[in-house]
Amino acid sequence: MVDISPREAEVLALVGEHLSNAEIGARLFISVRTVETHVSSLLRKLAVPDRRALAQRAPELAGTGRAHPAPVLPAPLTSFIGRVGERTELTEMIKAHRQVTAVGPGGVGKTRLALAVAAEAAGGYSDGVWFVDLVPTTDPGMIATAVAGALGLGEQPGRDMTESVVAALADHHALLVLDNCEHVVDGVALFLERLLAACPGVTVLATSRARLMVPFERVYPVPPLSLAVDGGSDAVALFMERAAAVGRPLDPALRDQIASICERLDGMALAIELAAARCPTLGLDGIAAALSHPLRMLTGGSRADDRHRSVRAALDWSHALLEPADRALLHRVSVFVAPFTASAAAEVAGSEEGLVADGLARLAEQSLLVVTASPGGTEYRALETIRQYGTERIAEAGELVDARSRHLRWCLAEATGLAEAGADWRARFDAVADDLRAALAWAADRPEQRADAYRLARCLAELTFTRHLIGESQRRYEQAAALADDPAATASMLRQAAAVAGCRMRGDEMYGFHRAAAEAAHRSGDTAGAAADLATAATNAYRFSTKFARIPPQEEAIALLTEARELAGDDRVAQAAVALAEAGVLTDAFGAAQGPPDNAVPETIARAERAVELAHRTGDPLAESAALDALTGAQSWAGDTFAVAATAQRRIALLSSAPDTPASTHELIDALGMATEANLGAGDLPGARRWARQLADHPLLAEVGHRATSWLLVADALAGNVDEVLAGSVRFLEAWQRAGSPARPVLSPAAAGVAMIHGLRDDREARRVWRAVLNQLGTPPEHVYGYGAVFDAMLLLHHGQAPEALERMVPEPGEVWKWVTWIWLHWYVALRAEAAVLAGSPDARDRLAEARTIVAGNPVADALVGRAEALLDGDQEALLAAAAAFDAVGCRYQSARTLVLAGGAHAERGAAALGDLGLVPMGPGRPRTTTP
C-alpha cells in the first residue's frame, strides 16, 4: 500500500469531479503547477494512464488516503513480452531527439512498445510522462484539445488551445506520448511544430502507421517480433504466454510448431495474440491448418505492406470462426470510437441487452475486445486495428450506414439526456463526447442526415459550453448554423456563436457573427431580427471595444446603426436594440476607445434611459441588462456614483432569473465586474468583495485567473487586506503569464493595487516586479488620473510624501473627468483633500468642504475626509471616530493609519495593527502648516 497525502486526496476528489487543473487550483487556493505535481504523483501511484482513469478511481478511494503501488505508467492488462533491443534503441532515440515517431503497420505492437519505453524513461523527466490516445480525435484541429484534456488544462478565453498547451508546457521537462496519429497526421504535425519550438524541455514520442513528415522528425520503424528459435523468440514467447492465459501452459517441446505458426503470421503481435486466443479450442494443429489455407484478404486486394497482410489474414481467420451473431455484433460495435457499455452496444446493434452482453463476452474471450471495469460498470473497447477491420467488413456488407445511423440516434439520445443530467453529468459527458463528435462528423457529410446532424451540433454546442470547452462550443454553433435548413435557425445559431465569442474575448468574431446573423435573418424575412443584429454589432463595437483586435471605426458603426434604423420598423426588440446602439455609438455611454472624448452628459443619460425603457418593454432581461450597462456609464459621467451602484445591482437582480445560456453567461460576467467597480466607487467594500468573489469563483474564468481575480485584488488592496492580496496576486500572475502575458489595460488596476501593497510593505523587489507587469499591461493616458493616481497617492501619503501625493493629483476632477468620474471620483477627491491638508496647502479647508459635498454618503470617502479635517483641526476625538468608521466598513489599513495619526497610545496600537498586516511604519503624517 502507498499513502496518498491529504492534499493529494483533495486533488483526487476534484479530479473525480472532472475539474481542470486551473479549476482545482482556484478551488483549493494553490497554484496550477502544484496541482500538476499532485496529479502526476497520483497517476504514478494509482497505475492509471490518464485523467479519465484517475477520475474513475476517485470514488473508490475517497477518504481512504491509501492506494496500491504502481509503476510510473500503468501496465496494460497483459504482460509485455520481449523487445529488449527495440526498447533500448527507441529509448536512446528519445534521449537524442526531441520528436521520434514509431512507425509500423497496424498490429505490429507500436503502442505497447511506446508504453514500455515511456515507463522506463519516465524517471528522466522531472515533470512526468503524459499519454494521449488520439483514436477518438476525429478532427485534426482538435489535437491540442486532446492533449489539454490529458494535461488537465481547460480553455483560456482569448487564446486557442494550442497556445494554452504551449504556455503550460513552456518550462516543463516532460515526455509526451501521442498514440495513433495516422488519421490526423496533418493536425499533429502543425501542433508539434508550435509545441516543440516553444517548449525546449518537452520530448514527443508518437506512434503512427505513417510518418508525420515534419523536418525535425526522427523515424523508428517498429519491426515484427523476433522469430529465431535459437537464443529465444519473442514471437514464440508471446504466443505461449497468451495461450496459457486462456487455457493451460503449452509444452515447451512444441516451440518449433509454434514458431512455424508465428512465422506464417510474420511475427505480428496482434495476429499472434488472436491466434493464441484460439489455441484451447482449435489446438496448434487446427491453427496451422487454417493458416495453410489463407483467406481472400491474405491474397486478394492491394496491400503495400506484406506484414499488414498477415494481420488481415489473422483477423479474417478469427472473424470466420465467429458465430454469425457475434460477427455481426463485432461489425456494429466498431462504430464506437470510445469505450462503450453493453447497454450502448445493444442500442446500436438493435438487439436485447442480455444477448449483446453475452456476445461481447465471447468477443472479449477471443481477444477481439478489451474489457475494463469501472465504478460505472463494465466497458468494452476494440483495438484500433480491429475497429477499422470491423468497419470495413460492415461496409462491405452494405450495413455501415444503418449501423452509423443507429449510433447517431444513440448519440442524440445521450446528448439529450445529458442536457437534463444531474451532478455527475461532467463524467457522463466525458465518457460519450468522442462518440458524439464522431457521429456528428459522419452525419454532417450526408444530406439525408442533415436534420439530425443539425440537432446533434446544437446539442454538442450547448454541452461543450456548459463543460467550459467554449472554443469547441463556438465551432459547434457555427457548424449548426451551416447545417440548418431554415435561415431563421441559422441566425439563431450565429447569435449563440457570437455570445460564446464574447465569453472568449474574441470581439472581432462576435461582431462578425452578429453581422452574419443579420444577413441570415434578412433571408428568412425577419427584417426586425436583422435590425436587432446590426444594432447589436454596432453596440458591441463600443461596449466591448477592449475585446477587439481591430476596433471598428466610428463611421462603420454608424453605418450599421443607420441600416438598423431603416429595418427596425415598429418592432419592440429592434427598436430597443437601436436605442442602445444610439446611446453607445452616438453619445459614448460605454466610454469606448473610439468614442467621442467630450460627450454631452445630459444627452448620454437621456439616450441611455430611453434604451432602458424600451428594453424593459421587451421583457428580455438580457436586453434590459445591456441597456442598464449603458445607463451606468451615463450616470458615472454625471458623477452620480450611488446611482451607478444601484443600477449595477439592478442588473445582477435581473440576471439572477435568466436561463443559463452563453448570452446570459456573457452578460453576467460583465455585470459582476460592473457591480464590483460600482460598489468600490460608492465605498461599499464588503459589497464589492462579495461581487468580486463571485466573479473570481465563476467556473468559466477558472483558466484565466488574471481576469477572474483582478477586481477582487483591487477591492482587497483598497481595504488593506494584505494577506488576501498576496495570495490572490499569485493566481493572477501565474494565470497572466500562462496566458502569454497579454497587454490588457483592463487588468491594470489590479496590478497597480498589488504594486501599492508591496510598496506599503517596503518590498522593493516585489514592487518592481509588479510595476513591470503594470507597464506591460499598459495604462491608457485617460486612466492615469483614475486608479493610477489613487494607488500612487495612498502609497505616497503612507510614506509621508504629501507634497508628492498632491502633485500626483494636481488636476481638478473636471480636467480629467471621464476616468476620474467613473468609479474613482470619491477616492480621488478625498485623497486629494487629505494630501492638501498634510502638504500644508493654503486652500486645504476649501478642498475639504468641496470634497465633503461630493463624497457625502460614501462611508470610506466620508471617513477619509473626516480624518483630513480632524488632522487640520488637531481633533483627536474626530480622528478616533474616523478610525471606528474605517473599522465598520472593513477598511483595516485606513483604520490602523488613522490610529497612528491620532498619536500617543493610539499611535502604538496603530503601529501594531500595521505590523499585524505586514506593513512598514508610516512616515511623518502631521500637517506641515495649519490653516485657520
Visitor: Parallel under 30°, tilted from 30 to 60°, perpendicular over 60°: which one fits the rings of H826 and F642?
Guide: tilted
Visitor: Can you tell if the side chain of T641 reaches within under 4.5 Å of the side chain of I823, non-hydrogen atoms only?
Guide: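 A side-chain contact is absent here, since even the closest heavy-atom pair is not under 4.5 Å.
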Visitor: Do any N or O atoms from the side chain of S748 and from the backbone of G778 form a donor-acceptor pair under 3.5 angstrom?
Guide: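 Answer holds: yes.
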Visitor: For a side chain to side chain donor-acceptor pair (under 3.5 Å) check, start with the C-alpha distance between S664 and T661, then their side-chain angles and the critical distance, and finish with the verdict.
Guide: CA-CA 5 Å; S664 65; T661 65; 3.3 Å; yes
Visitor: How about H698: does its NE2 atom have over 12 heavy atoms from other parts shown lying under 6.0 Å from it?
Guide: yes
Visitor: Is atom CZ of R693 surrounded by more than 12 heavy atoms (other residues, nucleotides or ligands) closer than 6.0 Å?
Guide: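 Above 12, so yes.
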Visitor: Measure the CG-CH2 distance between L825 and W637 for me, rounded to the nearest 0.5 Å.
Guide: 11.5 Å
Visitor: Where the side chain of R761 meets the backbone of L919, is there a donor-acceptor pair that is under 3.5 Å apart?
Guide: no
Visitor: Hey, are R892 and D887 close enough for a salt bridge, meaning a charged N less than 4.0 Å from a carboxylate O?
Guide: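 Answer for the salt bridge query: no.
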Visitor: Would you confirm whether S473, through its side chain, and I470, through its main-chain N or O, come within 3.5 Å as a donor-acceptor pair?
Guide: no
Visitor: Does G502 offer a backbone N or O that forms a donor-acceptor pair with the side chain of K547 under 3.5 Å?
Guide: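 Indeed, once roles are kept as given, a pair shorter than 3.5 Å links the two residues.
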Visitor: How far apart are the closest heavy atoms of A574 and A531, and which atoms are they?
Guide: CB-CB, 4.0 Å
Visitor: Are F732 and W770 an aromatic pair by the rule of ring centers under 6.0 Å?
Guide: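 Close enough - the centres of the two rings lie under 6.0 Å apart.
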Visitor: Please report the closest heavy-atom contact between L797 and A835, naming both atoms and the distance.
Guide: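 Residues L797 and A835, closest heavy atoms: CD2-CA, 4.0 Å.
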Visitor: Should D670 and R543 count as an ion pair when the cut-off is N to O under 4.0 Å?
Guide: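 Yes, charged N to carboxylate O under 4.0 Å.
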Visitor: Set out, in order, the CA-CA distance, both residues' side-chain angles and the distance that settles side-chain contact (heavy atoms from CB on, under 4.5 Å) for L672 and W711, then state yes or no.
Guide: CA-CA 10 Å; L672 287 172; W711 283 110; over 6 Å; no
Visitor: May I have the step-by-step check of side-chain contact (heavy atoms from CB on, under 4.5 Å) for W736 and L733, ending in yes or no?
Guide: CA-CA 5 Å; W736 179 67; L733 187 59; 3.9 Å; yes
Visitor: Looking at R159 and E703, does any basic side-chain N land under 4.0 Å from a carboxylate oxygen?
Guide: no
Visitor: Can you say whether the rings of F791 and W824 are parallel (under 30°), tilted (30 to 60°) or perpendicular (over 60°)?
Guide: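 F791 and W824: perpendicular rings.
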Visitor: State, with a plain yes or no, whether a side-chain heavy atom of E850 is found less than 4.5 Å away from one of V829.
Guide: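 No. Closest side-chain heavy atoms not under 4.5 Å.
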Visitor: Once the angle between the rings of Y828 and Y785 is folded into 0 to 90°, is it parallel (under 30°), tilted (30 to 60°) or perpendicular (over 60°)?
Guide: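 Plane angle over 60°, so perpendicular.
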Visitor: Atom NE2 of H799 and atom CE of M794: how far apart are they, to the nearest 0.5 Å?
Guide: 11.5 Å
Visitor: Is it the case that the side chain of T676 and the backbone of A692 share a donor-acceptor pair, with hydrogens and angles ignored and the cut-off at 3.5 Å?
Guide: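 Such a contact is found between T676 side chain and A692 backbone.
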Visitor: Would you check if V860 and Q894 make a side-chain contact, meaning some heavy-atom pair closer than 4.5 Å?
Guide: no
Visitor: Can you tell me how far CG of L914 sits from CG of L760, rounded to the nearest 0.5 angstrom?
Guide: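 So the CG of L760 and the CG of L914 are separated by 9.0 Å.
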Visitor: I'd like to know if D792 pairs up with R808 as an ion pair, taking the criterion as any Lys NZ or Arg NE/NH1/NH2 lying under 4.0 Å from an Asp or Glu carboxylate oxygen.
Guide: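 R808 and D792: salt-bridged.
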Visitor: Report the C-alpha distance between H514 and L534 in whole Å, list the side-chain angles of each, state the deciding distance to 0.1 Å, and finish with yes or no for side-chain contact (heavy atoms from CB on, under 4.5 Å).
Guide: CA-CA 7 Å; H514 274 298; L534 291 170; over 6 Å; no
Visitor: Using modelled atom types and a 3.5 Å cut-off, is there a donor and acceptor pairing between side-chain atoms of R767 and backbone atoms of H758?
Guide: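 No, because the side chain of R767 does not come within donor-acceptor range (under 3.5 Å) of the backbone of H758.
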Visitor: Would you say the side chains of Q474 and Q496 form a donor-acceptor pair under 3.5 Å?
Guide: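 Absent: no donor and acceptor within the cut-off.
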Visitor: For V837 and A868, work out which heavy atoms get closest and say how close.
Guide: CG1-O, 3.7 Å
Visitor: Got a second to check how far S656's OG is from R651's CZ, nearest 0.5 Å?
Guide: 13.0 Å
Visitor: What I'd like to find out is whether the side chain of R731 reaches to under 4.5 Å of the side chain of H706, using heavy atoms alone.
Guide: no
Visitor: So, the side chain of D508 versus the backbone of A549: is there a donor-acceptor pair under 3.5 Å, distance only?
Guide: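 Yes, the answer is positive, given that a donor and an acceptor are paired below the 3.5 Å cut-off.
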Visitor: When you check the side-chain N and O atoms of T618 and D620, is any donor under 3.5 Å from an acceptor?
Guide: no
Visitor: If you define the side chain from C-beta out and look only at heavy atoms, does anything of R847 sit under 4.5 Å from L806?
Guide: yes
Visitor: Using a strict threshold of under 4.0 Å (side-chain N to carboxylate O), is an ion pair present between R506 and E155?
Guide: no
Visitor: Could you tell me whether E724 and R689 have a side-chain N and a carboxylate O separated by less than 4.0 Å?
Guide: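 Salt bridge flag = no for R689 with E724.
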Visitor: I'd like to check R650 versus V612 (side-chain heavy atoms, cut-off strictly below 4.5 Å). Are they in contact?
Guide: yes
Visitor: Do T779 and L774 have side chains that approach each other closer than 4.5 Å (heavy atoms only, starting at C-beta)?
Guide: yes
Visitor: Say whether E603 and T587, considering side chains only, have a donor N or O and an acceptor N or O under 3.5 Å apart.
Guide: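 Looking only at side-chain atoms, T587 and E603 do not form any donor-acceptor pair under 3.5 Å.
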Visitor: Can you tell me how far apart OG (S545) and CG (N540) are? Round to the nearest 0.5 Å.
Guide: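 Atom-to-atom, S545:OG and N540:CG are 10.5 Å apart.
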Visitor: For A861 versus A830, what's the shortest heavy-atom pair and its separation?
Guide: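 In terms of heavy atoms, the two residues are closest at O-CB, 4.0 Å.
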Visitor: List the steps and the verdict of side-chain contact (heavy atoms from CB on, under 4.5 Å) for L864 and F886.
Guide: CA-CA 9 Å; L864 287 170; F886 284 126; 3.7 Å; yes
Visitor: Say whether, by atom type as modelled, one donor and one acceptor occur between the side chain of N679 and the main chain of A645 under 3.5 angstrom.
Guide: no
Visitor: Would you check if the side chain of S625 reaches a backbone N or O of P621 as a donor-acceptor pair within less than 3.5 Å?
Guide: no
Visitor: State, with a plain yes or no, whether a side-chain heavy atom of L718 is found less than 4.5 Å away from one of Y893.
Guide: no
Visitor: For the residue pair E677 / W691, report whether a side-chain donor-acceptor contact shorter than 3.5 Å exists.
Guide: no
Visitor: Regarding R617 and E624, does a basic nitrogen lie under 4.0 Å from an acidic carboxylate oxygen?
Guide: no
Visitor: Show the nearest heavy-atom pair for residues M510 and A498, with the distance to one decimal.
Guide: CG-O, 3.4 Å
Visitor: State whether the side chain of D862 and the backbone N or O of G857 hold a donor-acceptor pair below 3.5 Å, judged by distance alone.
Guide: yes
Visitor: Rounded to the nearest 0.5 Å, how far does CG of D588 lie from CD of Q554?
Guide: 9.0 Å
Visitor: Testing the basics here: between L655 and L668, what is the closest heavy-atom pair and its distance to 0.1 Å?
Guide: CD1-CA, 3.8 Å
Visitor: Determine whether more than 12 heavy atoms belonging to other residues, nucleotides or ligands lie under 6.0 Å from atom CZ of R572.
Guide: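 No, not enclosed.
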